[in-house]
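See below for the structure under consideration.
Order of listing sets the numbers, starting from 1, for every ligand and every atom in it. Values below: every heavy atom of this structure, side chains too, minus hydrogens, waters and symmetry copies.
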Amino acid sequence: MVAPCKTAILISGSGTNLQAFIDAVEGGNLNLDLTLVFSNNPEAYGLERAEKAGIPTACIQHADFPDRESFDAAVIAELDRFEPELLILAGFMRILSPGFVSHYAGRILNIHPALLPLHPGLNTHQRVLDAGDDWHGSTVHFVTEELDAGPRILQGRLAIKPGETSTELEARVQAVEHQIYPLAADRVGSGKVKFKDGYATVDGVRKDDPEVKIY
Ligand code: GRF
């Protein structure tokens with residue numbers, strides 16, 4: 001078996017996606033070495049999840065720094081002590097500076113709760129309902145300097161049910177996320193999916209559209 005990819009997971013909150021990674025690794029279904037869980041929020045419940053799973057944790061609060069660049073430099077210094085090969089943003093509620101993104105170029109993944117390029121930004125579930133969309137879901141993508149705009153890897157789609165509320169939709173989207181995020185990360189960790197010249201490649205072939213799974 002190939003050596004597991006050294007991975008740091010960055011969170012700000014509950015960490016249900018983090019838990020999906022922990023469960024997949026513990027179940028032997030994911031060849032990642034979860035070397036660090038990092039948070040900018042000391043109250044993040046995900047830190048407890050990591051501690052329960054025996055994963056090292058670190059926390060640096062952005063409010064202690066005068067600007068984004070100095071905060072990001074401190075985060076880089078902390079992360080690099082663990083020599084991560086892959087960074088997983090899992091509800092990490094900070095915009096990353098260009099310096100941060102280029103330091104880990106092609107090695108940062110994010111999950112966004114919408115079918116990108118539709119609905120970047122916040123409050124996606126309500127916006128999808130307001131727009132009258134028929135489909136919703138979540139997208140795993142490489143992180144680039146532009147928010148929610150990096151090359152897409154994998155998308156989980158679900159049909160919106162008549163009369164569904166945004167809370168109900170959010171719960172269904174989260175369940176999809178817990179399946180697609182570890183799967184997509186495994187493909188990057190194993191080298192099957194790569195970031196090259198601003199694009200995603202699968203087995204060396206450029207892909208402009210993500211793989212799609214319907215739930
Ligand atoms: C997820 O819905 C993800 O799409 C977004 O932030 C949320 C994190 O949830 N980026 P959790 O902390 O993993 O439960």
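- Taking NE2 of H119 as the start and CG of D148 as the end, the distance is 12.5 Å to the nearest 0.5 Å.
- If you run side-chain hydrogen bond (donor to acceptor under 3.5 Å, both in side chains) between E211 and each of R152, Q155, R187, only R187 comes through.
- Around ligand 1, the residues contributing at least one heavy atom under 4.0 Å from the ligand are S14, G15, T16, N17, G91, I111, P113, Q174, E177.
- Among T139, N17, T16, the one residue that satisfies the side-chain hydrogen bond (donor to acceptor under 3.5 Å, both in side chains) test with E177 is N17.
- Between the side chains of D80 and H103, a donor-acceptor pair is found at a separation under 3.5 Å.
- Residue pairs that meet the ring-ring contact (aromatic ring centres under 6.0 Å, His included) test with at least one member in residues 187-215, sequence neighbours left out, are F142-F195.
- A heavy-atom distance below 4.5 Å is not found between the side chains of F65 and H62.
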